[in-house]
Amino acid sequence: MNEDDIFGLNQLIDEAGGLVNFTVEEQEAINDAGAEVLQANLRKAIKDKHYQANRHVTKSGIKHMADSVETGNLEDEPINGDKAVGFTTKDANHARIFRMLSDGTKFIEGDNLYDEVTDNSADEVQEAKIKKLTEILDNREAGK
């Protein structure tokens, strides 16, 4: 599996015969199904490892890092069916803080949380995408 096809959708399409042409909206729906699974798993993992229940939301309203994980299109990128899972830009430091916690720094040993979550979520993400793909193909066959 190549690096651009982490969760195997391209491989799945190839296995299906490569006969299917998807619209951007259909590609987006398939990728969104997988992204939602990854988002939920990432939020849960962050809460399990790094959540502080007694932490108060600041006056500026900045949420906990786990609460700022979102899915969507990348900014300044053409809409082509891809979906991204990451941190909101409104809470600017969360991506940077998460990277330090996951990868580590000179002073902090990383917990490899991102790699762990993506690896452990791969099958579940694939299943969600396959389910959506099957639904789209069934709708096509039914003429919807």
Side-chain angles (χ1 to χ4, degrees), residues 1-53 55-58 60-105 108-144:
M1 190 177 320
N2 74 36
E3 211 170 283
D4 294 334
D5 191 26
I6 294 173
F7 296 111
L9 184 59
N10 292 339
Q11 179 183 348
L12 173 70
I13 292 170
D14 289 342
E15 288 173 6
L19 304 172
V20 184
N21 289 323
F22 293 107
T23 65
V24 171
E25 292 80 16
E26 290 169 335
Q27 291 175 19
E28 197 167 86
I30 293 166
N31 288 325
D32 196 39
E36 287 174 4
V37 169
L38 183 58
Q39 175 191 24
N41 291 347
L42 189 56
R43 279 184 173 170
K44 183 181 181 324
I46 292 170
K47 282 188 176 185
D48 289 348
K49 283 202 171 187
H50 299 292
Y51 198 74
Q52 299 166 340
R55 180 185 176 276
H56 299 288
V57 175
T58 62
S60 61
I62 295 177
K63 301 182 269 183
H64 186 277
M65 171 170 58
D67 300 323
S68 69
V69 177
E70 290 189 351
T71 64
N73 298 316
L74 292 175
E75 293 177 9
D76 302 325
E77 291 290 323
I79 296 177
N80 60 5
D82 290 343
K83 284 291 185 174
V85 178
F87 296 92
T88 63
T89 55
K90 298 172 201 132
D91 302 325
N93 286 324
H94 286 164
R96 181 178 61 84
I97 292 167
F98 180 74
R99 182 171 180 221
M100 287 189 289
L101 290 171
S102 184
D103 295 346
T105 68
I108 302 170
E109 183 177 340
D111 59 13
N112 298 313
L113 186 59
Y114 180 77
D115 295 332
E116 182 181 305
V117 171
T118 54
D119 290 347
N120 293 340
S121 298
D123 289 340
E124 194 177 347
V125 168
Q126 180 79 352
E127 288 173 21
K129 290 171 111 176
I130 289 170
K131 182 178 178 183
K132 190 64 174 179
L133 173 67
T134 305
E135 179 183 314
I136 289 170
L137 293 175
D138 288 347
N139 286 342
R140 280 186 178 184
E141 286 179 13
K144 294 180 184 177

So how far is it from [X] [atom1] to [Y] [atom2], rounded to the nearest 0.5 Å?
{"X": "Asp103", "Y": "Asn112", "atom1": "CG", "atom2": "CG", "answer": "7.0 Å"}
{"X": "Gln27", "Y": "Leu133", "atom1": "CD", "atom2": "CG", "answer": "11.0 Å"}
{"X": "Phe22", "Y": "Ile136", "atom1": "CZ", "atom2": "CD1", "answer": "6.0 Å"}
{"X": "Glu135", "Y": "Ile130", "atom1": "CD", "atom2": "CD1", "answer": "14.0 Å"}

If I compare all heavy atoms of [X] with all of [Y], which pair ends up nearest, and what's the gap?
{"X": "Val24", "Y": "Gly81", "answer": "CG1-N, 3.6 Å"}
{"X": "Glu28", "Y": "Ile79", "answer": "OE2-CG2, 3.6 Å"}
{"X": "Asn31", "Y": "Asp82", "answer": "ND2-CA, 3.9 Å"}

Check step by step if side-chain contact (heavy atoms from CB on, under 4.5 Å) holds for Asn93 and Arg96. CA-CA 5 Å; Asn93 286 324; Arg96 181 178 61 84; 3.3 Å; yes
Got more than 12 heavy atoms from elsewhere within 6.0 Å of NZ, Lys131? no
Ile97, CD1 atom: more than 12 neighbouring heavy atoms under 6.0 Å: yes
Specify whether Phe87 and Phe98 have parallel, tilted or perpendicular ring planes, treating 30° as the upper limit for parallel and 60° as the lower limit for perpendicular. tilted
Report all side-chain donor-acceptor pairs from residues 32-47 shorter than 3.5 Å, counting only partners two or more places apart or in another chain.
residue, atom, partner, partner atom, Å
Gln39, NE2, Val69, O, 2.9
Asn41, ND2, Ser121, OG, 2.9
Asn41, ND2, Glu124, OE1, 3.2
Arg43, NE, Ala66, O, 3.4
Arg43, NE, Val69, O, 3.2
Arg43, NH2, Val69, O, 2.6
Lys44, NZ, Asp48, OD2, 2.8
Lys47, NZ, Asp67, OD1, 3.4

Can you tell if the side chain of Asp111 reaches within under 4.5 Å of the side chain of Glu116, non-hydrogen atoms only? no
Could you walk me through whether Leu101 and Met65 pass the side-chain contact (heavy atoms from CB on, under 4.5 Å) check? CA-CA 11 Å; Leu101 290 171; Met65 171 170 58; 3.5 Å; yes
Okay, side chain of Ser102, backbone of Leu113: is any donor-acceptor separation there less than 3.5 Å? yes
